[in-house]
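Taking it in order: structure first as structure tokens, then the write-up.
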Amino acid sequence: MANSILFIAITIILYLLAKKLYSHVSFPLLVPITTSTFVIILILSSFHVSYESYMNGGKWINIMLGPAVVSFAYPLFEHKERLKTHFLSIFISVLSGTFIGFISGVFLSIWLGLKQSVILSLAAKSVTTPVAMGITSIIGGIPSLTVVYVMIAGISGAIFGPYLLSLLKIDHPIAIGVGYGLASHGIGTAKAAEYGEVEQAISSITMTLSAIFASLMSPFFIHILIK
């Protein structure tokens with residue numbers, strides 16, 4: 001019990017410190033979840049603490065991911081009129097983006113000759129963690145492996161997103177929100193919040209819609225593609 005509380009405290013403190021650092025040095029590679037995760041890995045490796053031991057406490061933070069996702073409903077309510085105005089474009093963008101993200105990941109895995117269990121675990125990489133784990137369990141993948149892919153997708157999107165948006169000269173709040181919500185789900189939504197409330201709201205609805213679409217299409221398409 002003491003170890004569980006210790007690991008929860010360490011995780012929260014490291015994240016808050018990383019967030020404070022990022023507020024002073026807004027360098028993309030210093031995104032709080034990246035730096036705090038890296039430091040936690042170093043600590044666990046240095047003291048030879050197993051992942052299972054860490055998760056005795058970490059699992060309680062993981063459990064809170066569900067309620068945290070639900071909390072994104074608030075900015076949606078605040079900007080409901082804007083959402084109604086752009087609903088069709090958002091709906092089509094999210095549907096096509098979810099499908100492309102799913103297909104590209106699976107086909108790349110098949111092309112690289114990865115094992116079927118890895119392919120099944122990679123299919124839900126572009127969906128927020130709680131939903132991704134559920135999808136992976138349904139289609140026969142490895143949920144713990146899916147979490148790794150989801151984190152990589154989320155962190156890489158938060159790091160490289162600003163560069164890509166700048167390179168492609170994308171500055172519309174709807175486009176920014178959809179981009180982050182699709183590519184980086186929860187982490188992307190946190191990043192979108194740095195741009196403004198509208199971007200955060202759009203990213204929230206994008207993340208929610210993509211989770212719904214992925215839940216419906218993944219079990220159907222995955223068994224067709226890997227036959």
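Taking both residues in full, the closest heavy atoms of Leu182 and Thr206 are given as N-CG2, 3.5 Å, listed atom of the first, atom of the second, then distance. Looking at every heavy atom in both residues, Tyr22 comes nearest to Glu194 through CE2-OE2, 3.0 Å. The minimum heavy-atom distance between Ser215 and Val131, with the atom names listed, is OG-CG1, 3.5 Å. Heavy-atom minimum distance, Ile174 versus His86: CD1-CD2, 4.0 Å. Of all non-hydrogen atoms in Lys191 and Pro162, the two that sit nearest each other are CE-CG, 3.7 Å. Taking both residues in full, the closest heavy atoms of Met207 and His185 are given as SD-C, 3.3 Å, listed atom of the first, atom of the second, then distance.
In this structure, Gln116 CD and Ser121 OG are separated by 10.0 Å, a value rounded to the nearest 0.5 Å. Rounded to the nearest 0.5 angstrom, Phe87 CZ and Leu209 CG are separated by 6.0 Å. The line from NZ of Lys19 to NE2 of His24 is 12.5 Å long, rounded to the nearest 0.5 Å. The OG atom of Ser210 sits 9.5 Å away from atom CD1 of Ile205, with the distance rounded to the nearest 0.5 Å. To the nearest 0.5 angstrom, Ile40 atom CD1 is 11.5 Å from Ser45 atom OG. Atoms OH and CG, on Tyr195 and Asp171 in that order, are 10.5 Å from each other to the nearest 0.5 Å.
Listed for the Thr136 side chain is no donor-acceptor partner under 3.5 Å among the backbone atoms of Ile142. At distances below 3.5 Å, not a single donor-acceptor pair connects side-chain atoms of Ser203 with backbone N or O atoms of Gln200. Side-chain atoms of Thr35 come within 3.5 Å of backbone atoms of Pro32 as a donor-acceptor pair (strictly under, hydrogens ignored). In this structure, the side chain of Ser104 engages the main chain of Gly101 through a donor-acceptor pair within 3.5 Å. A donor-acceptor distance shorter than 3.5 angstrom exists from the side chain of Ser50 to the backbone of Ser53, with no hydrogens or angles considered.
Cluster annotation: Tyr54 and Ile41 are assigned to distinct hydrophobic clusters (Ile/Leu/Val/Met/Phe/Trp/Tyr, side-chain heavy-atom contacts under 4.5 Å, transitive). Residues Phe213 and Val150 fall into different hydrophobic clusters, defined by Ile, Leu, Val, Met, Phe, Trp and Tyr side chains chained together at heavy-atom separations under 4.5 Å. Taking hydrophobic clusters as Ile, Leu, Val, Met, Phe, Trp and Tyr residues chained together by side-chain heavy-atom distances below 4.5 Å, Ile90 does not share a cluster with Ile176. A continuous path of ILVMFWY side-chain contacts below 4.5 Å connects Leu122 to Ile103, so both sit in one hydrophobic cluster. The hydrophobic cluster containing Ile152 does not contain Ile155, counting ILVMFWY residues as joined when their side-chain heavy atoms lie under 4.5 angstrom apart, directly or transitively.
Partner Leu44 forms a side-chain contact (heavy atoms from CB on, under 4.5 Å) with one of Ile10, Val49, Val39 and no other, that one being Val49.
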side-chain contact (heavy atoms from CB on, under 4.5 Å) evaluation trace for Tyr163 with Leu167:
CA-CA 6 Å; Tyr163 292 119; Leu167 179 65; over 6 Å; no

Evaluation steps, side-chain contact (heavy atoms from CB on, under 4.5 Å), between Val118 and Ser109
CA-CA 8 Å; Val118 177; Ser109 301; 5.7 Å; no

Pair Leu95-Phe99, side-chain contact (heavy atoms from CB on, under 4.5 Å): steps then yes or no:
CA-CA 6 Å; Leu95 180 61; Phe99 181 74; 5.9 Å; no

Going through the checks in order, is the side-chain contact (heavy atoms from CB on, under 4.5 Å) test met by Leu165 and Tyr180?
CA-CA 10 Å; Leu165 292 173; Tyr180 277 117; 3.6 Å; yes

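Within the 4.5 Å cutoff, side-chain heavy atoms of Ser218 are placed close to those of Phe102. In this structure the side chain of Leu108 reaches within 4.5 angstrom of the side chain of Trp111, judged on heavy atoms.
Counting heavy-atom neighbours within 6.0 Å of Phe160 CZ, excluding the residue itself, gives a total of 12 or less.
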